[in-house]
Each structure stands twice: as C-alpha cells, then as structure tokens.
Amino acid sequence: MHLKRHPNNPILEKIPDNPWEAGSVFNPSVLYDNGIFRMVYRATNDMKINKTDGYVSSIGYAESTDGVNFKRFPNPLIVPDQAYEIGLGCEDPRVTKIDGTYFLYYTAVKGIGKEKEVRIALATSKDFKTWKKHGIVGPATRSKAALLFPEKIQEKFVMF
C-alpha cells in the first residue's frame, strides 16, 4: 500500500472565533456510514495548559459526502461535564457503529498536572445527535485512545 498526502491539508483547521476550538483541532476518527463520512475530532480552546480552569478539550463533529470537504457543526458533540472529565476534558475520540448504535470511546482527563487521571470513557447514540455517557470503561490505569472493533473475533467484541 502506498499512502499519499491529500492536497487539501489540513482538512480541518482551528476556528479562532469559536472559543471551544480556537486553540487546535486534531486526532480525528472517521466512520463511513451510509454515504456520509462522520468525523469526530479533539478540539481545544486557546488557553494555556498550566492555567487552572484554562485549557480544555472537547469533541467536535464534522461530516462529508466525499471524505475531503467537511461541514463542521458549530457546537461540540461531547463536552467535559462529568466529574471524571473535569480538568483537561475529553480527548481522542474513536467511533464505531454496531447494529444501529454508535459507540464513541474517548479519553477523559480529570484534573491537571501531576494529579490528573487519564481514563477511557464511553458515550453511545442511535442518531449521532443525542449522546448518553456511560462513564469510565477502561482499565484502572492510565489509558488513552480506545476503539471497539466493529466485528466480533471468536464470537467476542474486542476493544483496542
């Protein structure tokens, strides 16, 4: 396989006038679903990381019919509003669809600095609009960037 960088690079850029993604947009996951490329991505505000109640990550959403030209939604898909996310927020989303349900795994970062807890959290949706958070689902250790494999392996679902 030979990969080639697309000339529309980057596909998404930060929007300085949009506070929740004014700092950066990166670490996307894309799911091709019934003719639509659904992209979830990490977005940060423009605060400094060492400032209390400053820097925070949220999960944004954009979609496309060609996989290159994405229409970004103006509000975040997932925001840090649970105790296990308050601090640096919600990072590194990965999405899978199984039997009509979207499974969005993301990194929940509670706290900042040396006191932070980095864990895997899960949200699900049937329509990609309304999401239900299920809390921490990863191991009781520092863990990031999980993904539910879309097909069973030896009759079991596997999370990477």
Side-chain angles (χ1 to χ4, degrees), residues 10-15 17-47 49 53-112 116-152 156-160:
I11 289 175
L12 285 187
E13 293 186 77
K14 66 182 181 178
I15 300 178
D17 294 334
N18 199 352
W20 66 274
E21 60 182 357
S24 59
V25 295
F26 57 113
N27 291 355
S29 171
V30 178
L31 172 72
Y32 186 68
D33 180 34
N34 295 320
I36 298 173
F37 292 90
R38 297 180 183 278
M39 178 192 291
V40 290
Y41 59 92
R42 177 178 172 191
T44 65
N45 62 7
D46 65 350
M47 300 293 195
I49 197 162
D53 296 327
Y55 179 91
V56 68
S57 295
S58 299
I59 297 173
Y61 175 60
E63 61 184 37
S64 170
T65 56
D66 65 7
V68 175
N69 300 292
F70 281 83
K71 175 188 174 236
R72 188 181 320 214
F73 284 59
N75 297 310
L77 196 65
I78 302 285
V79 297
D81 59 7
Q82 302 297 310
Y84 54 85
E85 304 162 336
I86 303 301
L88 296 181
C90 305
E91 305 178 351
D92 309 335
R94 304 291 179 256
V95 64
T96 303
K97 184 179 181 184
I98 299 173
D99 295 332
T101 299
Y102 299 97
F103 295 84
L104 183 91
Y105 286 88
Y106 62 97
T107 304
V109 185
K110 177 181 177 181
I112 61 172
K116 72 183 174 203
E117 294 178 23
V118 180
R119 305 286 300 285
I120 299 300
L122 170 66
T124 58
S125 176
K126 293 281 189 185
D127 61 8
F128 226 91
K129 295 175 185 164
T130 304
W131 291 87
K132 177 182 179 186
K133 291 184 179 181
H134 298 275
I136 300 297
V137 296
T141 181
R142 183 179 170 96
S143 54
K144 290 190 82 159
L147 171 71
L148 182 63
F149 196 70
E151 299 172 10
K152 288 183 178 180
K156 295 180 182 178
F157 286 107
V158 176
M159 181 176 79
F160 291 103

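Heavy atoms only: backbone and side chains are in, while hydrogens, waters and symmetry mates are out.
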Does the Lys NZ or Arg CZ of R119 fall within the cation-pi geometry relative to Y84 - under 6.0 Å from the ring centre and within 45° of the axis? no
Given F37, Y102, F73, the one that forms ring-ring contact (aromatic ring centres under 6.0 Å, His included) with Y61: F73
So, for A123 and I78, which heavy atoms are closest and what is the spacing to 0.1 Å? CB-CD1, 4.0 Å
Any side-chain heavy atom of Y105 within less than 4.5 Å of one from L147? no
Residue that, paired with E21, satisfies side-chain contact (heavy atoms from CB on, under 4.5 Å) out of T44, N45, I15: I15
Which pair of heavy atoms, one from R38 and one from E63, lies closest together, and at what distance? NH1-OE1, 3.9 Å
Please report the interatomic distance CH2(W20) to CG(N75), rounded to the nearest 0.5 Å. 7.5 Å
Do Y106 and R42 touch side chain to side chain, with heavy atoms closer than 4.5 Å? no
Pairwise side-chain contact, C90 with S58, heavy-atom cut-off 4.5 Å (strictly under): no
State the CD1-CD1 distance between I112 and I86, to the nearest 0.5 angstrom. 12.5 Å
Heavy-atom nearest pair, E85 first then A108, reads CG-CB, 4.0 Å
With a 4.5 Å heavy-atom cut-off, do F128 and D33 have their side chains touching? no
In terms of side-chain heavy atoms, does K126 have a donor or acceptor partner in T101 at a distance below 3.5 Å? yes
Report yes if the side chains of L104 and I59 come closer than 4.5 Å at any heavy-atom pair, otherwise no. yes
Measuring from K71:NZ to S64:OG, what's the distance to the nearest 0.5 Å? 11.5 Å
I want to check something: taking the side chain as every heavy atom from C-beta on, are N27 and E91 in contact at a cut-off of under 4.5 Å? no
Give, for atom NZ of K14 and atom CG of D46, the distance between the pair rounded to the nearest 0.5 Å. 8.0 Å
Can you tell me how far the NE2 atom of H134 sits from the CD atom of Q82, to the nearest 0.5 Å? 11.5 Å
Rounded to the nearest 0.5 angstrom, the CG-CG distance for N69 and L12 is 10.5 Å
Run the numbers on F149 and T96 for side chain to side chain contact (heavy atoms under 4.5 Å, CB included), then give the verdict. CA-CA 7 Å; F149 196 70; T96 303; over 6 Å; no
In terms of side-chain geometry, is the basic nitrogen of D81 or K133 positioned less than 4.0 Å from the acidic oxygen of its partner? yes
Could you tell me whether a side-chain N or O of S29 sits under 3.5 Å from a main-chain N or O of V95, the two making a donor and an acceptor? yes
So do the side chains of V56 and P80 get within less than 4.5 Å of each other, counting heavy atoms only? yes
Looking at every non-hydrogen atom in both residues, tell me the closest pair between V137 and M159 and how far apart they are. O-CE, 4.4 Å
Between V25 and M39, is there a side-chain heavy-atom distance shorter than 4.5 Å? no
